[in-house]
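Written out below as structure tokens is the structure these notes cover.
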Amino acid sequence: MTDSAGTPPEPEEPAGAEQPPPADGAATGQTEAAGEPGPADVTGGTSESGESGESGESTERAERTERTERTEHTENAGTSTADGTGAPGEDAGSPAADAKGRRHWLRWTALGVSVVVLAAAGTGWWFYRKLDGNIQTDTTAAHELDKYEHDRPAAVVHDAQNLLLIGSDSRAGNNSAYGRDDGGSQRSDTTILLHLAADRRSATAVSLPRDLMADIPACGRPDGGSTKAQFAQFNSAFEIGGAACTIRTVEKMTGVRIDHHIVVDFNGFKDMVDAVDGVEVCLKDPVDDRQAHLKLPAGRQTLHGEQALGFVRSRHGFGDGSDTQRMDRQQQFLGSLMKKVQSNGVLLNPARLYPVLDAATKSLTTDPGLNTLGDLYDLVRSMRDIPTENIRFLTVPRQPYAYDGNRDELVQPDADRLFKQVRDDQPIKVAAATDVEKAKEKAKEGTKKGDGQDDKPDDPDPSSSPSAPPVYSGTDAASGMCG
């Protein structure tokens, strides 16, 4: 006999029997009893099977996402390296990863160094081109000298060099502030014969007075004509025939072969002094020279551009206003300038050398053999090891011209003896003018003939001996103006 209508009861589970795990996709809110009706069944809502399907799809997507993230994490962990770049199969800190990191670092370092080197080279080349372009070349003088090559003296000592430094007295252009321009004419304000010994252990600068009377040969003029040979004031050679005529006049006077020449103008001199932060001078008396735009107190002081130029050019503000005193002052100033350049290490310091070279090259006109920065650098470099006490300055032996006290003439045989020493690259000694005069007086006393008793000085100067080399009035770069 059967029960009345209803669902027959399910058989009871044996005690202790394990429940099977729910299948994937089962709803979280599903009842523990597999056959017990849920709320949806009671209320007549959504069926159990539909709810389970939607919930299963959501869970499945979440699990797929989780598996993907775990896979990516595992791959990243296995491919990371010490430098963070990663390489398949290389664990962080492994030898392979370290080697690759070093290679990567070296590549970037090499690239960086290459960029720096190229930038430095480009900058250096720009500076070189700028300085090189500043220099002007006097080809006219070179062509003129070629015409008279057969009349020029030959070089005597190999590797010794003789340069003629000409200070231009032109009032044209930027130099008009220093006087009237009379149609662009110019004379050599200062002329120095610079001799560099073959061993580059000494240098001698011999000043030639602008007022010196000299034999000037026939010279070509800028307009294509020519002048006649004449006996005239030395600095007029530059006016009538430029550097070539001045060179030939000096060569005729001295017998010294001029290897190169350099013309320097006023503004270049000022800029060079400013580039080394001024030059120190010592004055016994105050100076007031309106023509040279110069007013200075007595004592120790540093002169810069304008003052320095007025100082070396002034004639009326010092002593008797003679050109001889002016040349002595120029020599002392140049000695102080050289001393400062060497003592401050300018020649060995590119940062300090550049402003000096820039100022110098802007003011220079040279012959074709000295018209590049490389040529000038080689010249300066050859002089940088010369001791300052071996850089000597003197004026050619001179005296007032017999027929005009405002002009000079050479003192012979002293002048010819000096020129021979220069030609033969022999050492030249200089001393203060007072010391030279004392030596001459001692020499005169030593030649006196009396009773033969004590006519000789007690302490004769060795330079007074006929076999001893002469001593000229001058100074050296070690002394400067202030000792």
Side-chain angles (χ1 to χ4, degrees), residues 163-171 174-179 186-194 203 205-212 234-235 238 262-341 356 359-360 362-364 391-396 398 408 433 473-477 479-482:
L163 295 87
L164 197 64
L165 310 180
I166 304 171
S168 170
D169 197 23
S170 171
R171 297 301 195 276
N174 293 332
N175 294 332
S176 59
Y178 304 99
Q186 58 181 353
R187 294 191 178 189
S188 53
D189 183 71
T190 300
T191 303
I192 296 175
L193 172 59
L194 176 63
V206 181
S207 294
L208 303 173
R210 58 181 291 174
D211 296 333
L212 183 68
F234 170 69
N235 71 339
F238 192 70
I262 300 175
V263 180
V264 185
D265 72 9
F266 290 163
N267 285 283
F269 176 82
K270 291 190 305 179
D271 293 341
M272 288 176 64
V273 173
D274 285 337
V276 296
D277 298 326
V279 174
E280 189 177 58
V281 300
C282 292
L283 303 178
K284 294 181 180 179
D285 303 303
V287 177
D288 188 1
D289 186 349
R290 294 183 180 179
Q291 294 186 22
H293 310 289
L294 185 67
K295 188 172 184 179
L296 300 172
R300 196 183 196 106
Q301 54 203 293
T302 299
L303 303 185
H304 294 84
E306 291 286 350
Q307 289 181 321
L309 179 59
F311 181 80
V312 298
R313 299 199 68 245
S314 175
R315 293 182 65 169
H316 305 288
F318 295 86
D320 59 6
S322 68
D323 193 43
T324 299
Q325 285 193 341
R326 186 174 69 101
M327 287 185 295
D328 291 343
R329 193 167 59 255
Q330 290 174 349
Q331 293 165 8
Q332 292 173 355
F333 188 90
L334 290 174
S336 296
L337 176 60
M338 288 297 298
K339 183 178 181 180
K340 183 166 187 180
V341 167
V356 177
K362 284 179 180 177
S363 65
L364 298 184
I391 301 176
R392 305 179 181 98
F393 301 88
L394 69 152
T395 300
V396 64
R398 41 72 54 200
D408 292 328
S473 175
T475 186
D476 58 54
S479 300
M481 289 203 69
C482 301

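In what follows, residues are counted from 1 in the order of the sequence shown. Small disclaimer: the values here were computed from a predicted structure and weren't measured.
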Inset, instruction - Would you list the pairs meeting salt bridge (Lys or Arg N to Asp or Glu O under 4.0 Å) in which at least one residue belongs to residues 272-290, sequence neighbours left out? - result: Asp277-Arg352, Glu280-Arg300
Legend entry - Side chains of Val396 and Pro209 in contact at under 4.5 Å (non-hydrogen atoms): yes
Inset, instruction - State, yes or no, whether a side-chain contact exists between Val264 and Leu165 at a heavy-atom distance under 4.5 Å. - result: no
Legend entry - Contacts of Arg326 that satisfy salt bridge (charged side-chain N to carboxylate O under 4.0 Å, His left out) - sequence neighbours left out: Asp189, Asp323
Inset, instruction - Supply the atom-to-atom distance Lys362 NZ to Met272 CE, rounded to the nearest 0.5 angstrom. - result: 13.0 Å
Legend entry - Option from Leu334, Ile166, Leu208 for which side chain to side chain contact (heavy atoms under 4.5 Å, CB included) with Ile192 holds: Leu334
Legend entry - Derivation of the side-chain hydrogen bond (donor to acceptor under 3.5 Å, both in side chains) call for Ser207 and Gln330: CA-CA 9 Å; Ser207 294; Gln330 290 174 349; 5.3 Å; no
Inset, instruction - Please say whether more than 12 non-hydrogen atoms of neighbouring residues, nucleotides or ligands are located less than 6.0 Å from CE in Met327. - result: yes
Legend entry - Minimum heavy-atom distance between Ala308 and Phe333, given as atom pair plus value: CB-CZ, 3.6 Å
Inset, instruction - Have a look at Val281 and tell me which of Gln307, Gln301, Gln332, Arg329 forms a side chain to side chain contact (heavy atoms under 4.5 Å, CB included) with it. - result: Gln301
Legend entry - Closest contact, heavy atoms only, Phe238 versus Val263: CZ-CG1, 4.2 Å
Inset, instruction - Can you see which heavy atom on Gly305 is nearest to which on Lys270, and at what distance? - result: O-CG, 3.5 Å
Inset, instruction - Kindly give the heavy-atom pair with the smallest separation between Ser314 and Leu294, and that separation in Å. - result: CB-CD2, 4.2 Å
Inset, instruction - Under the side chain to side chain contact (heavy atoms under 4.5 Å, CB included) rule, what do Phe311 and Leu283 come out as? Steps first, then yes or no, please. - result: CA-CA 11 Å; Phe311 181 80; Leu283 303 178; 3.5 Å; yes
Legend entry - Shortest non-hydrogen contact from Ser479 toward Asp476: N-OD1, 2.9 Å
Legend entry - Point-to-point distance, once rounded to the nearest 0.5 Å, from CG of Asp328 to CG of Leu394: 10.0 Å
Legend entry - Gap between atom OG1 of Thr191 and atom CZ of Phe234 - 0.5 Å precision: 4.0 Å
Inset, instruction - Run the numbers on Leu303 and Val279 for side chain to side chain contact (heavy atoms under 4.5 Å, CB included), then give the verdict. - result: CA-CA 5 Å; Leu303 303 185; Val279 174; 5.6 Å; no
Legend entry - Considering all heavy atoms, the nearest Met338-Ala477 contact: CB-CB, 4.2 Å
